[in-house]
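A short worksheet on the structure shown next.
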Amino acid sequence: MACMHDHSCEDHDCSSDWSLYKHIDLPKVSALNEAIPGSVKSVFKAWEERLLSSGDNLESNEGDPELLVYIPFTSDVKIKGISIIGGANGTSPSKMRAFINREGIDFSDAQSMQAVQEWDLVENFQGVLEYQTRYSKFQSVANITLHFPESFGGDTTQIQYIGFKGEATKLKRDVVATIVYEITPNPSDHK
Amino acid sequence: MVLEATMICIDNSEWMRNGDYAPSRFQAQADAVNLICGAKTQSNPENTVGVLTMAGKGVRVLVTPTSDLSKILACMHGLEIGGEMNLAAGIQVAQLALKHRQNKKQQQRIIVFAGSPVKHDKKVLELIGKKLKKNSVALDIVDFGEEDDGKPEKLEALLATVNNNDSSHIVHVPSGPNALSDVLISTPIFTGDGEGGSGFAAAAAAAAAGGVSGFEFGVDPNLDPELALALRVSMEEERARQEAAAKKAAEEAAKQEKGGEHPSGSQDATMTENTPPEAENKKNDLTDEENALLQQALAMSMDDPSTGHDLRDTDMSEAAVDDPDLALALQLSVQDSTKDSTSQQTDMSKLLADQSFVSSILASLPGVDPNDPSVKDLLASMQSQSEPQEKKSEDKPPKEEDK
């Protein structure tokens, strides 16, 4: 299911294909079992910058390579392909399972539920590998949850970059995103 | 104001019968639980809190996470003490209850009251801790009651495995004169990770620290927020009025004109304003604050008439525009002062001593029943205050007459 780029990227601009990162609702991205809370946000960037690691990758906790990443989009998208750059020394994830449009999945749910699609990953440090999706199932994705159950033998799982290829529609799923009650307003909430 | 779902794990084992925390460990725990529930729901209206018991016949969820405080308070009644606490099972059931919370956007938190000895191994606790951390559940531990060998270490180890970025806390509360809830108020369990805390927690902490066992005016702002608000507003209004009156008195003491009347006018208002809050106060005691205010007011009426009394100006329309009773009172005070300057000190007290006058004022006020025992007590105490003063002034005139 993986396809290799058989052309050099100077000829045509691959980055425009991988532009779905612009439609990710970054503040609401969350991950379970990450060692540093909030580090998951750093893995979503432009395709050109995929190899630039700013130092904080997404890393799972010591001794436990399972990772669960929840990615909401700002509008419904169609996903054609996913690209993952893992870490060195066996810390790349070896499997990936995707769940669509389900919120609040935790590890026990992820392990027992049937995923929409599963992939076996290979170590891919250049980010040129793309994992295709069964496009018919990924037609209107408001949020996607990626579950990485194992790594290539490493103690932890590291992810440097996650890229999505596809199209964004202009449709939005929820009109009311968050409700804030201000019965007793607290200025520190509005910083 | 983090959006949070909390499960509180209560220890209702046999060890909770002990009385080393007043009145009993179990009661102290119940008070702490009530306070925590209040703090959580106040800090964010969408927060939910649930309760489960760890001992007894087995781990039992009393209330699933809800934002309805009355449900939580109700379930704390009629809890039975017995059995042994099962910490591991309790935490796991709490985690399950949180997993099925209705609003998935809420952060998950478990608060454990560990009062009896912990029979699990450190290893078991660490495994549980890892699972909690993996699912990003925060854990607060209140270590009180039995001081077993190794219990603090086990709990600290559990906290270390769960702790993610300082979101989990442990508090060791030794038995002593301070109530469990008072000790907890100042901890991060209440104040919520130093985000600035909730106003409730801060107010309760200030009240506890100030030595007042409760809140302003003896009324719990949570149980009766409207009453507390009304009391606070009337107190502030009174202060503002007194300040305005004092300002005017200062201005006109310079001119020496009208100075004495306004303080005495506001004096009356002070008296009447003070009595309704006191009458409504179901706790039926004159708190120190109000006594002090009363003394202050009396002192004011003592001082000022001595300054600008020679130039009596009967133009009191401003002060008495709304209240005919007030006008009457003012006139009385004026007349008495013009008669006898030495007995001016007893003007106020005479007026107050005139029970029929005072009760007529009280009757005209809404919500005050002159036959209320608390009002009668108040009048009696005011009379007894005015009596020694009357005696004093009566001693003076005879002395002067003698001379």
Side-chain angles (χ1 to χ4, degrees), chain A residues 25 27-40 56 58-70 72 99 101-113 142-143 145 147-149 155-157 174 176-191, chain B residues 1-5 38-47 65 67 92 95-108 126-127 129-138 160-168 191-203 221-222 225 229:
Chain A
D25 194 354
K28 297 218 196 100
V29 170
S30 70
L32 286 184
N33 203 28
E34 53 178 349
I36 305 165
S39 57
V40 62
D56 24 61
L58 171 59
E59 182 162 0
S60 69
N61 280 317
E62 272 297 310
D64 194 353
E66 256 191 293
L67 270 179
L68 198 59
V69 185
Y70 169 71
F99 303 91
N101 293 338
R102 308 257 333 217
E103 302 189 357
I105 296 184
D106 70 353
F107 283 107
S108 46
D109 293 335
Q111 281 151 8
S112 52
M113 268 166 41
N143 57 65
T145 306
H147 177 217
F148 302 96
D155 229 4
T156 64
T157 300
D174 303 308
V176 185
T178 45
I179 307 171
V180 178
Y181 294 122
E182 296 264 345
I183 297 172
T184 50
N186 194 345
S188 62
D189 291 340
H190 295 279
K191 284 189 185 144
Chain B
M1 270 217 229
V2 183
L3 185 55
E4 221 173 35
K40 293 287 177 196
T41 38
Q42 257 216 1
S43 79
N44 185 328
E46 283 192 80
N47 277 352
S67 53
Q92 284 167 333
Q95 196 183 348
L96 199 61
L98 284 173
K99 185 176 137 148
H100 292 289
R101 65 197 185 285
Q102 286 186 317
N103 183 356
K104 301 288 178 192
K105 294 202 168 83
Q106 288 167 327
Q107 302 279 339
Q108 303 172 73
E126 281 178 0
L127 269 172
K130 281 210 188 110
K131 201 169 160 225
L132 287 177
K133 183 173 181 178
K134 192 166 170 184
N135 286 299
S136 85
V137 179
T161 42
V162 181
N163 202 355
N164 188 356
N165 215 24
D166 274 339
S167 62
S168 304
T191 57
D193 299 341
E195 288 166 347
S198 66
F200 173 89
N222 283 328
L229 186 65

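Per chain, numbering begins at 1; letters A, B, ... match sequence-line order. The basis for the numbers below is simple: all heavy atoms, side chains too, and nothing from hydrogens, waters or symmetry mates. Everything numeric in this text was worked out from a predicted model, so none of it was measured.
No side-chain N or O of B:Thr161 forms a donor-acceptor pair with one of B:Glu126 less than 3.5 Å apart.
Proximity to chain A is absent for every atom of B:Lys131, based on heavy atoms less than 4.5 angstrom apart. For A:Leu32, the parts lying near chain B are the backbone and the side chain together; criterion is any non-hydrogen pair under 4.5 Å. Heavy atoms of B:Asn135 lying under 4.5 Å from chain A belong to its backbone as well as its side chain.
With contacts defined as side-chain heavy-atom distances shorter than 4.5 Å, the pair A:Tyr70/A:Ile105 does not qualify.
Distance alone, capped at 3.5 Å, is enough to place a donor-acceptor pair between the B:Asn47 side chain and the B:Lys40 backbone.
Residues B:Lys130 and A:Asp64 are not paired through a salt bridge, judged by the lack of any N-O separation under 4.0 Å between the basic side chain and the carboxylate.
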